[in-house]
Amino acid sequence: MKKTIRDIPLEGKKILLRCDYNVTINGNVILDDTKITASLETIKYLMDNNCKIIILSHLGKVKTEDDKINNSLEIVSKKLSELLTRSILFSHETRGVLLEEKINAMRPQDILLVENTRYEDVPNNLESSCDEELSKYWASLADIFVNDAFGTIHRAHASNYGVSKYLPSVIGFLVEKELKNLNVLIENPSHPFTVIMGGAKIADKIPLIEAIIPKCDYLLLTGGIANTFLKALKFNIGFSLYDKETIPLITKLMLQYKEKLMLPLDVVVGNKYDPNYASIKGIKDICDNDVIYDIGPETLRKYKHTINVSELIFVNGTMGKYEDLKFRNGTKETYQMLAKCPANVIIGGGDSLAAIHTLGFNNNFSFLSTGGGATLDYIANPKLKSLENIEEI
Ligand code: ADP
Ligand code: MG
């Protein structure tokens with residue numbers, strides 16, 4: 001396990017804390033403050049240790065001067081202040097004399113949020129390309145670096161990887177909780193170990209599938225991923241979503257791991273030309289104008305059996321286009337089965353968590369990983385560069 005804030009003397013130190021405050025904003029409103037709330041445990045611990053806390057985070061993509069207007073972190077400093085019921089200092093500058101003056105005036109337990117690190121991407125991409133000088137500069141502002149930004153753990157940028165080269169570095173409580181829970185899938189998983197894959201981002205999920213398939217006992221396929229496997233098997237899938245580029249690799253995986261793979265027996269299709277159409281069909285009966293949007297009842301019965309005999313289950317991606325009520329049943333029923341089964345159930349993926357929230361299953365699973373792409377990348381390759389300079393204990 002990586003060294004955490006519990007494993008280093010912190011009393012009175014200046015801390016550079018990397019958080020993930022990449023929240024969705026509409027006008028003047030933060031639509032979901034989960035990421036801000038998730039950072040509070042670490043912040044409070046640092047305050048209890050009388051630290052001066054300098055927080056770095058990115059927000060959105062900043063490619064031009066204009067992008068800065070809609071991607072300022074100032075709105076987050078207000079939310080943070082509300083949640084902690086105390087005032088938060090904010091620096092409009094990401095470097096320079098004004099920032100340094102603010103830091104020099106900080107007292108123990110003060111919190112300073114620095115403007116979006118990606119402002120440094122205009123014009124020379126300094127944050128995202130992990131510029132050496134910028135990394136050294138940010139590191140020079142503090143005594144210790146704490147990485148608690150799980151959502152960006154798969155990126156090696158100046159504010160998370162760069163600074164860790166120049167400061168004693170540890171992880172915060174949020175990253176610790178994520179790694180601990182995800183390591184259950186990576187190091188000696190209990191068996192039978194079942195993986196359920198679905199969703200739309202097919203190419204993004206291939207590295208995860210390749211990494212996890214040798215370790216699991218069953219891989220249940222749903223969503224756009226299942227469509228791609230069906231296409232590789234030369235079924236007619238009409239106008240369904242699939243990924244042509246991944247077919248050769250999927251064909252290879254199917255040959256190598258045939259006995260582990262489970263594919264839909266039936267599906268719910270829509271019609272490309274009729275938005276009101278929905279019909280359950282066997283996978284051999286798909287017509288040219290059909291679009292597969294969900295798994296069918298026979299498939300759910302087959303998958304239920306595997307789910308109920310599993311000890312450990314990892315789920316990523318929704319089983320169908322759950323946003324449309326006509327195609328929600330597969331996702332809803334699967335979550336229902338997972339909520340009732342005896343296995344340790346771990347779920348990851350941005351849309352999967354949104355679906356769990358929409359369908360009211362928030363408190364039914366062992367662990368919901370908040371990292372989105374970071375979760376998938378960590379499982380596929382646990383030796384992440386951003387954590388390279390943080391010692392194992
Ligand atoms: P996650 O964010 O959980 O990793 P993805 O981003 O890969 O998941 O995919 C989630 C999206 O996949 C949902 O918006 C859902 O509508 C879509 N989806 C699932 N199955 C299908 C399908 N058969 N056809 C089209 N879209 C699908
Ligand atoms: Mg997604």
Side-chain angles (χ1 to χ4, degrees), residues 22 24 32 34-35 150-151 154 178 182 185 195-209 211-212 219-232 235-246 250 263-272 275 277-281 283 286 289-296 299-300 303 313-335 338 345-359 361-362 365 367-380:
N22 188 26
T24 312
D32 180 359
T34 313
K35 288 183 170 183
F150 186 71
H154 57 323
E178 287 278 355
L182 295 178
L185 304 168
V195 176
I196 307 178
M197 293 294 301
K201 286 196 178 158
I202 302 153
D204 287 4
K205 296 178 180 200
I206 290 293
L208 168 71
I209 293 177
I212 214 162
L219 176 58
L220 313 190
L221 297 156
T222 71
I225 305 264
N227 296 348
T228 311
F229 277 75
L230 291 171
K231 182 80 180 172
F235 282 98
N236 181 11
I237 60 165
F239 281 103
S240 307
L241 173 79
Y242 80 106
D243 186 279
K244 200 173 169 192
E245 303 294 313
T246 57
I250 278 178
L263 276 158
L265 302 170
D266 60 347
V267 290
V268 187
V269 297
N271 183 287
K272 182 165 168 61
Y277 180 85
S279 176
I280 298 169
K281 290 191 176 182
I283 50 154
I286 312 297
N289 291 337
D290 285 343
V291 191
I292 303 172
Y293 281 133
D294 199 5
I295 53 173
T299 308
L300 284 163
Y303 287 3
I313 303 179
F314 175 65
V315 190
N316 169 250
T318 58
M319 286 67 238
K321 196 181 168 191
Y322 80 96
E323 296 92 337
D324 185 330
L325 287 176
K326 298 194 292 299
F327 308 111
R328 177 171 284 189
N329 189 58
T331 304
K332 195 172 153 205
E333 285 294 314
T334 303
Y335 291 160
L338 290 167
V345 177
I346 298 175
I347 307 187
D351 290 278
S352 302
L353 264 57
I356 286 167
H357 186 67
T358 306
L359 302 176
F361 285 93
N362 274 3
F365 307 112
F367 184 63
L368 298 178
S369 178
T370 59
T375 303
L376 307 191
D377 278 18
Y378 180 70
I379 298 168

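When a ligand or atom number is given, it counts from 1 through the structure's own listing order. The figures that follow rest on heavy atoms only: side chains count, while hydrogens, waters and symmetry mates do not.
At a heavy-atom cutoff of 4.0 Å, ligand 1 is contacted by the side chain of Asn227 but not by its backbone.
Taking 4.5 Å as the limit, every side-chain heavy atom of Tyr277 sits out of range of all side-chain heavy atoms of Asn289. Using a 4.5 Å heavy-atom cutoff, the side chains of Arg328 and Asp294 are not in contact. Taking the side chain as every heavy atom from C-beta outward, Thr334 and Leu220 never approach each other to under 4.5 Å. In this structure, Leu338 and Ile196 have side chains that are in contact, with non-hydrogen atoms separated by less than 4.5 Å. Counting only heavy atoms from C-beta outward, the side chains of Tyr335 and Thr318 approach each other to under 4.5 Å.
When distances from the Mg ion (ligand 2) to the N, O or S atoms of Asp351 are compared, OD2 comes out shortest.
For the residues Met197, Met319, Lys205, the heavy atom positioned nearest atom 5 (P) of ligand 1 is part of Lys205. Across Gly372, Gly320, Gly223, Gly224, heavy-atom proximity to atom 18 (N) of ligand 1 is greatest for Gly320.
Closest to atom 16 (O) of ligand 1, if we only count protein heavy atoms, is Glu323 OE1, 2.5 Å. Annotation: atom 6 (O) of ligand 1 to nearest protein heavy atom, Asp351 OD2, 2.9 Å. For atom 26 (N) of ligand 1, the closest non-hydrogen atom of the protein is Leu241 CD2, 4.0 Å. Nearest protein heavy-atom neighbour of atom 9 (O) of ligand 1: Ala200 N, 2.9 Å.
Of the possible polar contacts, one joining the Asn316 side chain to the Gly348 backbone as a donor-acceptor pair under 3.5 Å is found.
Of all atoms in ligand 1, numbered sequentially from 1 with element shown, those under 4.0 Å from a heavy atom of Tyr293 are 23 (N), 24 (N). For ligand 1, the atoms closer than 4.0 angstrom to any heavy atom of Gly317 are 3 (O), 8 (O).
Residue-to-ligand polar distances keep Gly348 apart from ligand 1: every N/O pair is separated by 3.5 Å or more. Considering backbone and side-chain N/O atoms, Ile292 comes within less than 3.5 Å of an N/O atom of ligand 1. For Ser352, a nitrogen or oxygen atom sits less than 3.5 Å from a nitrogen or oxygen atom of ligand 1, counting backbone and side chain alike.
Around atom CD of Glu245, no more than 12 heavy atoms belonging to other residues, nucleotides or ligands sit under 6.0 Å away. More than 12 heavy atoms of other residues, nucleotides or ligands shown are found within 6.0 angstrom of NZ on Lys281.
The cationic group of Lys321 does not satisfy the cation-pi geometry with Phe327, failing either the under 6.0 Å distance to the six-membered ring centre or the 45° limit from the ring axis.
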